[in-house]
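Read the structure below first, then the notes.
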Amino acid sequence: MLDIRLLREDPESVKTRLASRGPVESFDGILECDRERRALETRLQQLNGDRKRISKEIGQRKSRGEETGALEDEVRSFSDEIAKLDRLTVESGERQRDLLLRLPNLPHASVPAGSDASQNPVIREWGVKPAGGIDHLEIAARLGMLDLDRAAKISGSGFVCFTGAGAALERALINFMLDLHTRTHGYLEISPPFLVRRDAMIGTGQLPKFEEDMYAVEEGALFLAPTAEVPVTNLHREEILSAESLPKKMAAYTPCFRREAGSAGRETRGLIRVHQFDKVELVKITTPETSYDELEKLTADAEQVLRLLGLHYRVIELCAGDLGFGSAKTYDIEVWAPGQNAYLEVSSCSNFEDFQARRMNLRFKDAGKNRFCHTLNGSGTALPRLFVALLETCYKDGALDLPAPLRKYV
RNA sequence: GGUGAGGUGGCUGAGUGGUCGAAAGCAGCGCUUUGCUAAAGCGCCGUACUCCAAAAGGGUACCGAGGGUUCGAAUCCCUCCCUCACCGCCA
């Protein structure tokens, strides 16, 4: 969520920066709403002040046993107007907040211009790109690692069932990544709830705009978390953290649930786009001064997974037009899948600056002042696509030749 | 699911209709005194929004959330959420 004061004071520069992401709906309505709200509020506060003063006077006179009928009539005479102004002010405030919640974040000054994914610059590449490879579905079938037909039978298309060595490999990868991030990289392991309240989804930015992408449990009004980013970033919502406790570094394994509405027909085969998948997520809460350094470190921590597994990958930076809703700057990590002859996104490392912190009222105490934290997250990494790359890279002579760091986990 | 007890400022904890944004204590900040430390005394010490061109300084709201009663609600009534305890059920 953007600071309304920023829009009020410098609407043109905000407009320009938002436009770099692509077409934006005008936010003139927000400014109008803001003006209206403040005018209503000023009037309401005057009347409330009057009422408060007179009521106090009534109390004093009553204690002296004096007549107060005239004063009581006076207050009654404008109590209807107070009620009306109160209602209008609340409505106006809600409308303003709702509009603000639907506005995306401002891209950081360093973000490259561009309108879509084709204009994302490659920042670096690592490892050797293997030539050719067999499709992971073929490999999985030979080794009995997947049963997609039966998964579809019980849950529909877009669901995965790992079997035998496949299930064991999935589990091994989760443990391998969690151990790396907690023991070597110093993240605090979190095992959060998978179902979250609406407020948490608003906090990280999935709602109110992207409700059709989320699975909802009507009873109890809960949502299935589409990423551990939601429960983990929201852990400290509505708190004021001490500056010394920052940065907070947390790592969590969770399943992730996504309806993938609107992507019907895209990559529907295999593991590449599914409704439920496992992921190890990295989340940081930092001060504004350190968040961009922490973004570089977080990205490196995620990359380390692929390096240890010996998988070829590249890091790209998202151009302004490809940036996610809440992000100010994002690096995507894409692993090479030889059987697909394509790079697959396995991590998206983003700095949200104070965009999420504002929504969830997450602050820290800095020399007596309360300031909004910065929040970051990135996968470290998403499982199914890593699974694809691993199979297609490591399959040799009818068997998987797994990288050494993973062997003790299987 | 049932019953009971609760939710007040960073913390502890008073306050059951009026002068309460809220006693007191602790913690924190500043000053004074005693050669340091310690101790004592005094003062300051919530958040959000808003008014004023800005600062200074005002104002309004906030005692879990929302509604109601009232001239006036932390205080009375209703609904909900959460915490704790015990019982039942259950992986």
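Convention: sequence-line order gives letters A, B, ...; per-chain numbering from 1.
- Nucleotide G18(B) forms a Watson-Crick or G-U wobble pair with C71(B), both donor-acceptor distances falling under 3.5 Å.
- Checking G1(B) for Watson-Crick or G-U wobble geometry (two distances, each under 3.5 Å) identifies C87(B) as its partner.
- Atom pair Lys62(A):NZ and U19(B):C1' shows a separation of 15 Å (rounding to whole Å applied).
- Relative orientation of the Tyr292(A) and His108(A) rings is tilted, given thresholds of 30° and 60° on the angle between their planes.
- Rounded to an integer number of Å, the gap from Asp366(A) CG to G28(B) P is 19 Å.
- Of all nucleotides present, only U32(B) satisfies the Watson-Crick or G-U wobble test against A40(B), with each distance under 3.5 Å.
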Give each protein N/O atom lying under 3.5 Å from an N/O atom of nucleotides 89-91 of chain B, with the pair distance.
none

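- Per the geometry, CD1 belonging to Ile58(A) stands 8 Å off P belonging to G72(B), to the nearest Å.
- As rounded to the nearest Å, C87(B) and G15(B) have C1' atoms that lie 34 Å from one another.
- Across the C1' atoms, G9(B) and A74(B) are found 13 Å apart, a figure rounded to whole Å.
- Between the side chains of Gln356(A) and Glu229(A), at least one donor N or O lies within less than 3.5 Å of an accepting N or O.
- Annotation: cation-pi geometry satisfied between Arg314(A) and Tyr343(A) (NZ/CZ under 6.0 angstrom from ring centroid, within 45° of ring axis).
- Under the Watson-Crick and G-U wobble criteria, each requiring two contacts below 3.5 Å, nucleotide A61(B) is paired to U47(B).
- The partner of A54(B) is absent, by the rule that a Watson-Crick or G-U pair needs both atom distances under 3.5 Å.
- Between the side chains of Thr287(A) and Thr290(A), at least one donor N or O sits under 3.5 Å from an acceptor N or O.
- Taking the six-membered ring for Trp and thresholds of 30 and 60 degrees, Phe159(A) and Tyr215(A) have ring planes inclined between 30 and 60 degrees apart.
- Residues Arg197(A) and Ser63(A) both approach RNA chain B. Their nearest nucleotides, taken by heavy-atom distance, put Ser63(A) toward the 5′ side.
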- Sugar-phosphate means primed atoms, P, OP1 and OP2; the rest is base. With that split, encode nucleotides 45-64 of chain B 5' to 3' as B, S or - using protein heavy atoms under 4.0 Å. --SSBSS-------BBS---
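- We find that NZ of Lys56(A) is positioned 14 Å from C1' of A73(B), with the value rounded to whole Å.
- C78(B) and A24(B) have their C1' atoms separated by 34 Å, with the value rounded to a whole Å.
- Separation of the C1' atoms belonging to C20(B) and C62(B) is 13 Å when rounded to the nearest angstrom.
- Rounded to whole Å, the C1' atom of G30(B) lies 10 Å from the corresponding atom of C45(B).
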Can you give me every donor-acceptor pair (side chain of residues 239-255 of chain A, partner residue at least two apart or in another chain, under 3.5 Å) with its distance?
{"residue": "Glu239(A)", "atom": "OE1", "partner": "His236(A)", "partner atom": "ND1", "Å": "3.1"}
{"residue": "Ser242(A)", "atom": "OG", "partner": "Ser245(A)", "partner atom": "N", "Å": "3.4"}
{"residue": "Ser245(A)", "atom": "OG", "partner": "Ser242(A)", "partner atom": "O", "Å": "2.7"}
{"residue": "Lys249(A)", "atom": "NZ", "partner": "His185(A)", "partner atom": "O", "Å": "2.8"}
{"residue": "Tyr253(A)", "atom": "OH", "partner": "Asp278(A)", "partner atom": "OD1", "Å": "2.8"}

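- Shown here are the ring pair (Phe, Tyr, Trp, His ring centres under 6.0 Å) partners of Tyr313(A), two or more places apart in sequence or in another chain: Trp126(A).
- Remark: G7(B) base-pairs with C81(B); criterion is Watson-Crick or G-U wobble with both hydrogen-bond distances under 3.5 Å.
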Which donor-acceptor pairs under 3.5 Å do the side chains of residues 134-143 of chain A make with protein atoms, sequence neighbours left out?
{"residue": "Asp135(A)", "atom": "OD1", "partner": "Gln340(A)", "partner atom": "NE2", "Å": "2.9"}
{"residue": "Asp135(A)", "atom": "OD2", "partner": "Leu137(A)", "partner atom": "N", "Å": "2.9"}
{"residue": "Asp135(A)", "atom": "OD2", "partner": "Arg269(A)", "partner atom": "NH2", "Å": "3.1"}
{"residue": "His136(A)", "atom": "ND1", "partner": "Gln340(A)", "partner atom": "NE2", "Å": "3.1"}
{"residue": "His136(A)", "atom": "ND1", "partner": "Glu392(A)", "partner atom": "OE2", "Å": "3.0"}
{"residue": "Glu138(A)", "atom": "OE2", "partner": "Arg142(A)", "partner atom": "NE", "Å": "2.9"}
{"residue": "Glu138(A)", "atom": "OE2", "partner": "Arg142(A)", "partner atom": "NH2", "Å": "3.3"}
{"residue": "Arg142(A)", "atom": "NH1", "partner": "Tyr395(A)", "partner atom": "OH", "Å": "2.9"}

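- Comparing the C1' positions of G64(B) and G7(B) gives a spacing of 6 Å, expressed to the nearest Å.
- Across G17(B) and A27(B), the matching P atoms stand 34 Å from one another, rounded to whole Å.
- A 3.5 Å limit on both hydrogen-bonding distances identifies no Watson-Crick or G-U partner for A27(B).
- For Glu41(A) and Arg37(A), the salt-bridge test passes: some basic side-chain N is under 4.0 Å from an acidic carboxylate O.
- Salt bridge present: Arg407(A) and Asp401(A) bring a charged side-chain N and a carboxylate O closer than 4.0 Å.
- For the pair Glu72(A) CD and G17(B) C1', the computed distance is 14 Å after rounding to whole Å.
- In this structure, the ring pair (Phe, Tyr, Trp, His ring centres under 6.0 Å) partners of Phe355(A), at least two apart in sequence or on a different chain, are Phe325(A).
- The separation of A91(B) from U3(B), taken at their C1' atoms, amounts to 25 Å, rounded to a whole angstrom.
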